[in-house]
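Here's the structure, in structure tokens; my notes come after.
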2 protein chains.
Amino acid sequence: MNADALRGHMDALLLSVLEREPLHGYAIIEALRERSGGALDVPTGTVYPALRRLERAGLLAGEWAADGGRRRRTYRLTDLGRRALAGERSAWRSFTSAIGSVLDPLR
Amino acid sequence: MNADALRGHMDALLLSVLEREPLHGYAIIEALRERSGGALDVPTGTVYPALRRLERAGLLAGEWAADGGRRRRTYRLTDLGRRALAGERSAWRSFTSAIGSVLDPLR
DNA sequence: AGCCTACATATAGACAGCCTACATATAGAC
DNA sequence: GTCTATATGTAGGCTGTCTATATGTAGGCT
């Protein structure tokens, strides 16, 4: 998976993965890998800053938790994040439709 | 259309538009707008450098032409560009499939 | 005890491509 | 003469993703 292609879609992926249940960063990376059948293997250096960014934007709420000696920061969708996810889904459909109409004009 | 979303897909769009017939930059912009139903309105500051880049990479061949006093640089796909387009189409399918499987897990 | 792997988070800096804004010039309509 | 459409191009900014590095716990293996 080309890095540039992901650009601008990371937010949608993160919000979508957090839709059903709150997860911490490492679990999010695993969820993305599993749900994409291995196609999405996003590095930690991408995910952690992105989660912070979404938290600053008010789309996610993060909370520290301890699992034994391990510290985890678990993120959940805020109401604003839920609305943003709906927008991202809609934008994704428009995006694929627009690019698709150019790439596969026969469809 | 969000600017970041386009990132990494510009090449595929340009190659695809030039698949049927050679076109110059301005006409490419119009073709993208028309074929996408107005969704894609790519600024000249994006297209012209991208065309140069693809030419340097050997995917396009450009040639100056005169239409009256106007100068135009018409680009056509090279054989390498045609092969690259096939790769871009394949990558696009993988990409939409991967993101789609995360965004719409019910499908 | 010592080592390795998996789990878990984080930051600094590099990189690349798309954008805005600007610059230039012709053609044709009004 | 002015305006709009046509036509190309560059400089510089922005920003999000990546690589590389750092830190530390837990648990298995030898």
Side-chain angles (χ1 to χ4, degrees), chain A residues 1-15 17 22-34 39-57 59-60 62-75 84 88 91 95 98-99, chain B residues 1-15 17 22-34 36 39-57 59-60 62-75 88 91 95 98-99:
Chain A
M1 179 70 57
N2 175 22
D4 279 323
L6 234 33
R7 184 129 169 183
H9 306 289
M10 201 65 232
D11 294 6
L13 292 174
L14 296 176
L15 294 174
V17 150
L23 292 171
H24 61 281
Y26 196 88
I28 290 171
I29 292 173
E30 288 182 320
L32 285 174
R33 190 163 40 229
E34 280 160 27
L40 292 174
D41 195 2
V42 191
T44 65
T46 296
V47 168
Y48 290 113
L51 289 170
R52 293 300 188 119
R53 182 167 46 78
L54 291 172
E55 189 180 14
R56 267 200 314 279
L59 309 189
L60 297 181
E63 199 175 353
W64 283 109
D67 173 36
R70 282 210 189 95
R71 56 204 259 280
R72 288 174 171 170
R73 189 158 180 84
T74 299
Y75 291 93
E88 292 282 358
F95 172 71
I99 308 290
Chain B
M1 179 70 57
N2 175 22
D4 280 324
L6 234 31
R7 188 131 168 179
H9 306 289
M10 201 64 233
D11 294 5
L13 292 174
L14 296 176
L15 295 174
V17 148
L23 291 171
H24 61 282
Y26 195 88
I28 290 173
I29 293 173
E30 288 183 319
L32 285 174
R33 189 164 41 229
E34 279 159 26
S36 68
L40 292 174
D41 194 0
V42 190
T44 65
T46 296
V47 169
Y48 290 114
L51 290 171
R52 293 299 189 120
R53 181 168 46 79
L54 291 172
E55 189 181 13
R56 269 199 313 278
L59 309 189
L60 297 182
E63 199 175 353
W64 283 109
D67 173 35
R70 281 209 189 98
R71 57 204 257 278
R72 288 174 171 170
R73 190 161 179 82
T74 300
Y75 292 92
E88 292 282 359
F95 173 72
I99 309 289

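Chain letters run A, B, ... following the sequence lines, proteins first and then strands; every chain starts at 1.
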B/Glu55 atom CD is separated from D/dT8 atom P, nearest whole Å, by 13 Å

Round to the nearest Å and state the distance from B/Ile29 atom CD1 to D/dT6 atom P. 11 Å

Closest listed nucleotide, where the reference is the side chain of A/Glu30 and the choices are D/dC18, D/dT10, C/dC7: C/dC7

Taking for each residue the nucleotide of DNA chain D with the nearest heavy atom, is it A/Val47 or B/Thr74 whose nucleotide lies nearer the 5' end? B/Thr74

Check the distance between D/dA7's P and B/Arg33's CZ and give it to me in whole angstrom. 12 Å

Answer for the Watson-Crick or wobble partner of D/dT15, both distances under 3.5 Å, is C/dA16

Nearest-nucleotide check on DNA chain C, B/Ala50 vs A/Gly25; residue mapping nearer the 5' end is A/Gly25

State, yes or no, whether a side-chain contact exists between A/Leu40 and A/Ile29 at a heavy-atom distance under 4.5 Å. no

Is the closest side-chain heavy-atom distance between A/Leu32 and A/Met10 below 4.5 Å? yes

Where the side chain of B/Asp4 is concerned, which of C/dA8, D/dT8, D/dG16 is the nearest nucleotide? D/dG16

Is B/Arg7 near enough to D/dG16 that one of its side-chain N or O atoms lies under 4.0 angstrom from OP1 or OP2? no

When rounded to whole Å, the OH to P distance for the pair A/Tyr48 and D/dT21 reads 19 Å

Could you give the NE2-to-C1' distance, from B/His24 to D/dG9, as a whole number of Å? 14 Å

Of A/Asp11 and A/Asp67, the one whose closest DNA chain D nucleotide lies more 5': A/Asp11

B/Gly45 near the nucleic acid: base, sugar-phosphate alone, or nothing, with a heavy-atom cut-off under 4.0 Å? base

Can you tell me if A/Arg52 touches the phosphate of C/dA10, counting only side-chain N or O atoms and a distance under 4.0 Å to OP1 or OP2? yes

Is there side-chain contact between B/Arg73 and B/Tyr26, with heavy atoms separated by less than 4.5 Å? no

When both distances are under 3.5 Å in a Watson-Crick or G-U wobble arrangement, the nucleotide paired with D/dT10 is C/dA21

Once you round it to whole Å, what is the distance between P of C/dA10 and CZ of A/Arg56? 12 Å

Checking contacts here: which listed nucleotide (C/dA8, D/dT6, D/dT17) is nearest the side-chain heavy atoms of A/Ala3? D/dT17

Separation of B/Tyr75 OH from B/Glu55 CD (nearest 0.5 Å): 5.0 Å

Minimum-distance nucleotide to A/Arg71 side chain [options: C/dG17, D/dG9, C/dA10]: C/dA10

To the nearest 0.5 Å, tell me how far B/Leu54 CG sits from B/Asp11 CG. 4.5 Å

Nucleotide nearest A/Arg70 (side chain, heavy atoms from C-beta), chosen from D/dT17, C/dT26, C/dC7: C/dC7

Taken to the nearest whole Å, CG/A/Leu6 to C1'/D/dC18 is 11 Å

From D/dC18, C/dC7, D/dT8, nucleotide with atom closest to A/Pro43 side chain: D/dC18

Euclidean distance, B/Asp4 CG relative to A/His9 NE2, rounded to 0.5 Å: 8.5 Å

Which nucleotide, if any, forms a Watson-Crick or G-U wobble pair with C/dG28, using both distances under 3.5 Å? D/dC3

Is the base of C/dA8 touched by the side chain of A/Thr44 through a donor-acceptor pair closer than 3.5 angstrom? no

Within the structure, does a side-chain N or O atom of B/Arg53 lie under 4.0 Å from either OP1 or OP2 of C/dA16? no

When both hydrogen-bonding distances must be under 3.5 Å and the geometry is Watson-Crick or G-U wobble, what is C/dA1 paired with, if anything? D/dT30

Could you check how far NE2 of A/His9 sits from C1' of D/dT15, rounded to whole Å? 15 Å

